[in-house]
Amino acid sequence: EEIHGQQPMPAGHDWMQGAGTALHELLVSAQRRGCLTAGVYESAKLMNVDPDNVAFCVLAADQEDEGDIALQIHFTLIQAFCCENDIDIVRVNDVAKLAAIVGPSEDSGEPRDLHCILITNPNEEGWKDPALEKLNLFCEESRNVNDWVPTITLPE
């Protein structure tokens with residue numbers, strides 16, 4: 001799966017499935033390490049206070065969310081911020097799958113706003129997540145073919 005240079009992104013299912021699996025692994029790992037921030041407002045606050053600590057961004061919307069103008073405006077602003085600050089960003093079209101991976105809030109047990117999820121750098125020095133590195137490569141390759149916010153399908 002290593003790709004170097006300006007070669008076109010491999011077409012087809014395997015590359016996308018690999019990115020989906022890597023995103024699943026990253027979300028589980030980040031949550032376990034306490035490096036996951038969920039929610040549009042919580043994410044915006046974190047990006048405003050400490051943008052250098054944000055390593056990755058996931059925007060999620062179901063079909064019915066596409067008509068939510070306020071959410072789409074938030075997405076546009078978050079995408080602009082991420083591009084400005086060199087933060088890799090992807091979209092996911094299945095909030096229910098995200099909820100199954102991330103689960104409810106540990107504090108209240110309530111369902112969380114999963115429309116925006118940020119992965120931050122943990123305090124551990126030298127921590128490198130192979131799933132994050134894979135996703136960074138996926139995003140870089142997507143930009144090479146002018147797909148600035150690629151959509152990832154999470155595995156079943």
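Throughout, numbering of the chain's residues begins at 1 and tracks the sequence. Basis for what follows: all heavy atoms, side chains included, without hydrogens, waters or symmetry-related copies.
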Self-check item: Electrostatic pair R112-E42, nearest N-O below 4.0 angstrom
Solution: no
Self-check item: Short side-chain to backbone donor-acceptor contact, T120 and C35, under 3.5 Å
Solution: yes
Heavy-atom distance under 4.5 Å between the side chains of [X] and [Y], does that happen here?
X	Y	answer
C116	C57	yes
R91	Q79	yes
W148	S142	no
I78	V40	yes
H24	T21	no
F56	L23	yes
V92	K97	no
L98	L27	yes

Self-check item: Within one Ile-Leu-Val-Met-Phe-Trp-Tyr cluster: L36 and V28, side-chain cutoff 4.5 Å
Solution: yes
Quiz item: What's the verdict on salt bridge (Lys or Arg N to Asp or Glu O under 4.0 Å) for E25 and K134, showing C-alpha distance, side-chain angles and the deciding distance?
Solution: CA-CA 11 Å; E25 291 168 6; K134 208 180 241 188; 5.6 Å; no
Self-check item: Inter- and intrachain pairs under salt bridge (charged side-chain N to carboxylate O under 4.0 Å, His left out), touching residues 50-67, at least two apart
Solution: none
Let me check something: any side-chain donor-acceptor pairs from residues 80-90 under 3.5 Å, sequence neighbours excluded? List them with distances.
residue: N85; atom: ND2; partner: F81; partner atom: O; Å: 2.9
residue: D88; atom: OD1; partner: R143; partner atom: NH1; Å: 2.7
residue: D88; atom: OD1; partner: R143; partner atom: NH2; Å: 3.4
residue: D88; atom: OD2; partner: N136; partner atom: ND2; Å: 2.6

Pairwise distance [atom1]([X]) to [atom2]([Y]) - rounded to 0.5 angstrom:
X	Y	atom1	atom2	value
M47	N53	CE	CG	12.5 Å
D94	L114	CG	CG	11.0 Å
I73	D68	CD1	CG	9.0 Å

Self-check item: Residues I117, T37; criterion side-chain contact (heavy atoms from CB on, under 4.5 Å); working and verdict
Solution: CA-CA 6 Å; I117 296 176; T37 300; over 6 Å; no
Self-check item: Working for side-chain contact (heavy atoms from CB on, under 4.5 Å), residues L26 and L135
Solution: CA-CA 9 Å; L26 178 62; L135 286 166; 3.6 Å; yes
Quiz item: A44: what forms a side-chain contact (heavy atoms from CB on, under 4.5 Å) with it, not counting sequence neighbours?
Solution: none
Quiz item: Under the side-chain contact (heavy atoms from CB on, under 4.5 Å) criterion, do V54 and I119 qualify, and how do the steps go?
Solution: CA-CA 6 Å; V54 177; I119 308 298; over 6 Å; no
Quiz item: Between F75 and A60, what is the shortest heavy-atom contact and its length?
Solution: CZ-O, 3.4 Å
